[in-house]
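First the structure, in the form of structure tokens, and then the observations on it.
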Amino acid sequence: MTNALSDEDVPLSQRKPSATSKVLATGKKRKSVTVKSETSVAHDDDHAPLKKKRATATAVAQTKAQSSGKEIKTEEKSAKSSASVKASPSPSKASGKSTKLNGNSKPTTEPDSDSDSDDKPLAKRKMKKADSKTEGEETSTQEKEEEEEEEFYKWWEAESNDHSVKWTTLVHNGVLFPPPYEPLPSHVKLKYNGMPVALPLEAEEVAGFFGAMLETEHAKNKVFQSNFFNDFKEILKQCGGSQLKIEKLEHCDFTDIFNYYEEKRAQKKAMTTAEKKKIKEEKDKLEEKYKVCFLDGRKELVGNFRIEPPGLFRGRGSHPKTGKLKERVMPEQVTINIGPNTPIPQPPDGHEWAEVKNDNTVSWLATWKENINGAQKYVFLAANSSLKGMSDYKKFEKARELKNHIARIRKDYTKELKDELMANRQRATAMYLIDVLALRAGGEKGEDEADTVGCCSLRYEHVAFKPPNTVVFDFLGKDSIRYYQEVKVDQQVYKNLKLFKKAPKKFGDQLFDRLDPPTLNRHLQNYMPGLTAKVFRTYNASKTMQDQLDKIENKGTVNEKYVAYNAANRTVAILCNHQRTVSKAHEQSVGKIEDKILEIKMQRYRLKLMMAQLDPEMKKSDPEYFQPDAELDDATIDRLIDQIVQREKDKVTKKFQKENEKRAAENGELLPESELKTRMKVVEELEAEYMKQRKTGKVDIKNGMTVEKLQAQIEKLTERIVNTTLQKKDKEDNSTVALTTSKINYIDPRLTVMFSKKYDVPIEKLFSKTLREKFKWAIESADANWKF
DNA sequence: TCCAACACTTAGTATGCGGATT
DNA sequence: AATCCGCATACTAAGTGTTGGA
């Protein structure tokens with residue numbers, strides 16, 4: 001049960017401990033503690049939060065009484081800060097750069113004075129239009145970039161306007177539905193107790209979903225199996241059943257179905273490039289009309305215009321619903337959002353849309369509700385669109401704005417770590433964790449979701465203590481990615497966490513029982529409008545990147561600088577705990593590198609033997625140098641020799657075959673088998689040499705070989721060993737770290753642009769094509785001196 | 001006042017492709 | 001040419017945070 005703490009010695013790499021047992025064990029308890037809310041008042045000395053109380057009462061009890069004075073203070077503060085924020089607008093201007101960029105940071109229209117805009121705000125629309133026109137003219141000096149550039153500026157400027165209106169005109173072609181189900185050929189059937197079963201098509205499709213996944217980890221997961229099977233039986237029942245009564249998954253044999261889909265896969269793979277190209281062209285043609293839309297008259301790419309196909313839900317971690325049937329989405333479930341007085345995309349023949357809206361306060365083109373969790377799915381514009389770009393830009397500007405407040409915020413929460421009011425103390429502690437460890441906010445989760453947590457939802461079992469001030473965090477975060485860190489924390493934070501864990505709290509209880517994200521975020525708003533927990537992650541990630549980049553010396557080759565950039569990127573990825581599963585091939589490829597290193601060492605040792613034979617005195621004066629490397633035990637050497645010889649033989653054989661094929665094609669005579677034998681002799685000689693060395697410890701020395709030459713060769717090999725070893729280390733260090741997530745979401749792209757320009761590393765090396773498109777705004781606005 | 005619904009960002013994984021390697 | 005390998009992209013699940021209605 002208490003696995004959370006017991007497996008602290010498990011290497012990071014094998015994260016994702018099956019949390020199944022945990023879910024079961026704690027589910028109920030979790031619920032009982034989750035009440036929260038009342039804290040919103042901040043000054044509830046009388047706290048007395050009903051249920052929550054239970055667990056926490058004791059801990060809290062003593063402290064609250066005197067706290068009222070404090071609370072008042074807090075209120076004052078918040079009032080003050082919000083006022084001051086308004087007074088001192090746009091602290092973001094900083095950059096000095098790009099004059100066009102600043103200016104924004106609008107008048108902080110009270111929280112949501114704009115919520116009014118729900119009803120198609122005609123007036124606003126016009127204003128916006130006008131605005132962008134004029135500004136557009138100002139900047140139009142550099143026309144060369146034509147429409148692209150124009151677009152660029154447009155969204156830039158729009159930014160300073162009403163942010164609740166996303167568009168004034170919107171034209172698009174709706175969504176693309178997945179193709180209908182293709183029935184299995186009649187000879188491919190599910191077998192039940194060895195007997196082929198005739199299934200209604202609807203049920204066959206579902207069986208096929210499972211059959212195709214037979215060899216995946218999912219299909220071996222009990223929860224997945226049972227969820228699938230229940231839904232499968234239900235569908236089967238609904239569409240009339242089958243002659244054979246299907247009752248147990250164990251009696252179902254999906255192998256034929258699996259093989260059928262494997263076969264199809266193989267066929268697809270085996271297609272010639274020409275065939276593939278043709279298929280792709282057809283596909284592109286089909287998709288073409290859905291790929292673009294027109295937003296305020298500008299062409300923009302649509303992101304996910306395809307309706308998600310049916311299948312089995314692949315929940316991450318131990319998701320209670322994993323394996324359930326994700327149903328086919330019908331047009332009747334899809335709502336379209338489009339400009340008024342705009343042609344409405346035609347639903348598929350014989351079908352209708354659920355609804356057609358003209359809501360210009362949202363950015364989605366279509367939406368539907370998914371049947372597993374009842375979650376809303378959307379079709380949005382692509383990442384390189386103006387809408388996404390604008391909000392990305394705003395996100396980073398918001399994070400930069402935090403620079404101006406962070407000192408005060410840190411000072412405050414450091415002080416509040418000792419606040420007598422438990423709620424404040426918890427809040428301060430949480431802020432510390434969010435700020436220093438870059439934890440997520442950690443909202444409440446339901447029973448029917450995977451048991452994962454963030455800061456506010458941390459529980460008793462997720463922290464352990466090592467005096468004097470080390471806290472061991474071990475929990476599953478977003479996507480059930482394990483967060484395991486032993487961190488030295490502020491002494492007071494250490495004390496607090498211990499306090500929050502104190503009896504009567506027990507396994508399953510929340511550490512921060514008087515805090516939740518809304519409460520925390522409300523508090524943060526006092527410092528800066530729009531400040532929420534997630535802003536800290538963005539801020540700290542970008543700040544870290546800036547600091548890391550600043551450390552890089554501007555020298556060496558492009559490649560070296562690129563490596564340094566990646567190292568900086570990696571620091572950020574580690575901060576944010578961005579991981580990836582080690583690829584299947586990883587172990588193998590590390591093994592290969594290891595063998596490579598060993599082979600070089602063997603080679604080197606061989607050269608040393610030669611040297612010793614040529615000049616025995618040398619060995620006497622430095623016997624250690626002539627020792628074989630420790631890893632090179634007899635068994636390893638034998639294995640390596642085998643490997644090398646085999647590899648060489650393969651090479652010779654292959655080459656021989658190839659030549660013959662060529663000759664056959666040119667109708668020349670084939671090389672005789674004897675030729676192959678002759679060639680093979682070389683390899684055999686090589687083998688013999690190795691064997692001789694193994695048996696006698698002596699090696700043959702080529703004519704004209706000198707100690708000096710050997711020395712030079714040995715040096716080269718040693719260098720290769722060092723390099724390859726580094727390469728291996730890099731590979732291993734990288735194997736579990738995902739760099740891309742932070743690059744895409746957290747690191748202000750202008751930092752990368754700055755690096756590119758300042759260090760003369762082509763941006764193409766740092767940003768892939770899609771990222772260059774997504775971050776066009778950054779590429780065009782930052783220079784070598786840009787600072788986060 | 002509260003919570004569920006909604007909107008949008010953030011996240012890891014599956015897959016296909018293209019370039020390096022042999 | 002074949003295979004291997006890593007990267008880019010597609011995909012969609014899983015978060016955060018806001019809002020509107022009971």
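In what follows, every chain begins at residue 1, and chains take the letters A, B, ... in the order their sequences are listed. Any value given below was found using the heavy atoms of this structure, including those in side chains, with hydrogens, waters and symmetry copies removed.
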Per the under-4.0 Å heavy-atom filter, residues of residues 368-377 of chain A near DNA chain B come out as A:Gln376
Base, sugar-phosphate, or nothing: which does [X] touch, judged by heavy atoms less than 4.0 Å apart?
X        : answer
A:Arg316 : base
A:Lys395 : sugar-phosphate
A:Tyr746 : sugar-phosphate

Collect all protein-nucleotide pairs involving nucleotides 16-20 of chain B in which both atoms are nitrogen or oxygen and the distance is under 3.5 Å.
none

Give me the distances for all protein-to-nucleotides 3-7 of chain C N/O pairs that come in under 3.5 Å?
from  : atom 1 : to       : atom 2 : distance (Å)
C:dC5 : OP1    : A:Lys592 : NZ     : 2.8
C:dG6 : OP1    : A:Lys731 : NZ     : 2.6

I'd like to check the ring pair (Phe, Tyr, Trp, His ring centres under 6.0 Å) partners of A:Phe209; sequence neighbours left out, ordered by chain and number. none
Is there a donor and acceptor pair, one atom on the side chain of A:Lys478 and one on the base of B:dT10, closer than 3.5 Å? yes
Can you confirm if the aromatic rings of A:Phe228 and A:His218 lie within a centre distance of less than 6.0 Å? no
Return the NZ to CZ distance between A:Lys324 and A:Phe224, rounded to the nearest 0.5 Å. 12.0 Å
Can you pull out the residues from residues 306-314 of chain A that lie within a 4.0 Å heavy-atom distance of DNA chain C? A:Arg306, A:Glu308, A:Pro309, A:Phe313, A:Arg314
DNA chain B nearest-nucleotide lookup for A:Asn745 and A:Tyr378: closer to the 5′ end is A:Tyr378
Would you tell me whether A:Tyr378 and A:Ser363 have side-chain atoms, one donor and one acceptor, within less than 3.5 Å of each other? no
Quick note, ring pair (Phe, Tyr, Trp, His ring centres under 6.0 Å) partners involving residues 575-595 of chain A, not counting sequence neighbours, are A:His578-A:Tyr746
